[in-house]
Amino acid sequence: MTVRLVTFDAFNTLFRLKKPVGTLYAQHLRQLGHTVPSDAAVTRSFAAAYKRAALSAPHFGHATAGRYHAWWTRVITDTLATSGLPNPDTATVESLITLFATKDPYQVENSAIPLIAHLKHRGCIIGVLSDSDDRTIKILAELGFNNLIDFYCLSHQIGASKPSPLMYKAALRLATAASRHGESIHSHEAWHVGDDVERDYEGARACGWNAILWKNEGSASLEKVVLNELDAIK
């Protein structure tokens, strides 16, 4: 079996938050002079606000006016309002949007960059297949993935989210466009790596892809798990 394409989920696979989201929000707000409740309370408010926004305007506001910027404005405003900061000023909201569009709140999975560099050396096309918006491109570039990613397939761009087949079909189209001579990439030649059983593993397998499930919970690094799987291919 030939491995021609390897895609990676972004958040919680290639990178993750340095601290819980509520802690990062609360620290930033306190630096701006706001009084906020416990970090855990902000985390709970964020989770609820995120869920409401995802239900009312899926795929980070793909089909709505203002798109992902307006979507995140709503999530942040809702989070702050339910954390004891009703009617937050525009500058505060914008500062949080800006912060989370940089590398500062995130840390890279230690073996991710060497792994991708190795796979590219083997001739693989590398993609990011992620339920996220365009900020992911900037974040990964700042974290050191610049020139390592051949294409991005993001839910905000596609108007679908994993495990929808639309995402995996779109990734194959983008991979074909990124291939050296425009050769078609087929699902049996593609591997997807991610941390979510339903969205990443089962979603990919249902579309005829190969899949690797990796969670940062044990001693095995991302690089070790992926290469063990790929090197076992006959």
What are the two closest heavy atoms between [X] and [Y], and how far apart are they?
X	Y	value
Asp195	Phe11	OD1-O, 3.8 Å
Thr64	Ala57	CG2-CB, 3.9 Å
Thr7	Leu5	CG2-CD1, 3.8 Å
Pro88	Leu80	CB-CD1, 3.7 Å
Ser184	Glu189	O-OE1, 4.1 Å
Cys153	Met167	SG-O, 3.5 Å

Less than 4.5 Å apart, side chain to side chain, heavy atoms only: is that true for [X] and [Y]?
X	Y	value
Ser111	Lys224	no
Arg122	Val6	no
Phe145	Val108	yes
Glu109	Thr13	no
Arg74	Ser56	yes
Asp39	Pro20	no
Tyr168	Ser187	no
Thr102	Lys138	yes

Please determine whether residues [X] and [Y] belong to a single hydrophobic cluster, defined as Ile, Leu, Val, Met, Phe, Trp and Tyr linked transitively by side-chain heavy-atom distances below 4.5 Å.
X	Y	answer
Ile116	Val193	yes
Leu140	Leu115	yes
Trp71	Leu99	yes
Val3	Ile149	yes
Trp191	Leu148	yes

If you measure from [atom1] on [X] to [atom2] on [Y], what distance do you get to the nearest 0.5 Å?
X	Y	atom1	atom2	result
Ser155	His62	OG	NE2	10.0 Å
Leu24	Tyr106	CG	OH	8.5 Å
Asn210	His192	CG	NE2	12.0 Å
Leu222	Trp214	CG	CH2	5.0 Å
Trp209	Leu129	CH2	CG	5.5 Å
Ile76	Ile97	CD1	CD1	4.5 Å

Distance-only donor-acceptor hits, side chain of residues 171-182, under 3.5 Å, sequence neighbours excluded:
unit_1 : atom_1 : unit_2 : atom_2 : d
Thr176 : OG1    : Leu172 : O      : 3.0
Thr176 : OG1    : Ile185 : N      : 3.0
Ser179 : OG     : Thr176 : O      : 2.6
Ser179 : OG     : Gly182 : N      : 3.2
Ser179 : OG     : Glu183 : N      : 2.9
Ser179 : OG     : Glu183 : O      : 3.2
Ser179 : OG     : Glu183 : OE1    : 3.2

Check the surroundings of atom [atom1] in [X]: do more than 12 heavy atoms from other residues, nucleotides or ligands lie under 6.0 Å from it?
X	atom1	value
Lys51	NZ	no
Lys19	NZ	no
Arg67	CZ	yes

*Do Asp133 and Trp72 meet the criterion of a side-chain donor-acceptor pair at a distance under 3.5 Å?*
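Yes - a donor-acceptor pair under 3.5 Å links their side chains.
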
*Looking only at side chains, do Ser83 and Ser45 share a donor and an acceptor under 3.5 Å apart?*
yes

_Working note: Glu94 + His69, criterion side-chain contact (heavy atoms from CB on, under 4.5 Å); need CA distance, chi angles, decisive distance, verdict._
CA-CA 9 Å; Glu94 288 294 327; His69 188 278; 2.9 Å; yes

*Given the rule in the side-chain contact (heavy atoms from CB on, under 4.5 Å) test, do His28 and Asp104 qualify, once you have shown the distances and angles that lead to the verdict?*
CA-CA 12 Å; His28 183 73; Asp104 294 345; over 6 Å; no

Salt bridge [X]-[Y], side-chain N to carboxylate O under 4.0 Å:
X	Y	answer
Asp200	Lys215	no
Lys120	Asp150	yes
Asp9	Lys162	yes

_Test side-chain contact (heavy atoms from CB on, under 4.5 Å) on Asp89 and His34; report intermediate values, then the result._
CA-CA 11 Å; Asp89 61 275; His34 296 290; 4.0 Å; yes

*Could you tell me how the ring of His186 sits relative to the ring of His188: parallel (under 30°), tilted (30 to 60°) or perpendicular (over 60°)?*
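Rings of His186 and His188: parallel, as their planes differ by under 30°.
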
*Any idea how Phe100 and Tyr25 line up, ring-wise: parallel (<30°), tilted (30 to 60°), or perpendicular (>60°)?*
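The arrangement is tilted - the two ring planes meet at 30° to 60°.
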
*Which other residues end up in the same hydrophobic cluster as Val197, if Ile, Leu, Val, Met, Phe, Trp and Tyr are linked when side-chain heavy atoms come under 4.5 Å apart?*
Tyr201, Leu213

*Any chance you could lay out the side-chain contact (heavy atoms from CB on, under 4.5 Å) test for Leu119 and Leu230, step after step, and finish with the verdict?*
CA-CA 10 Å; Leu119 292 174; Leu230 298 185; 3.6 Å; yes

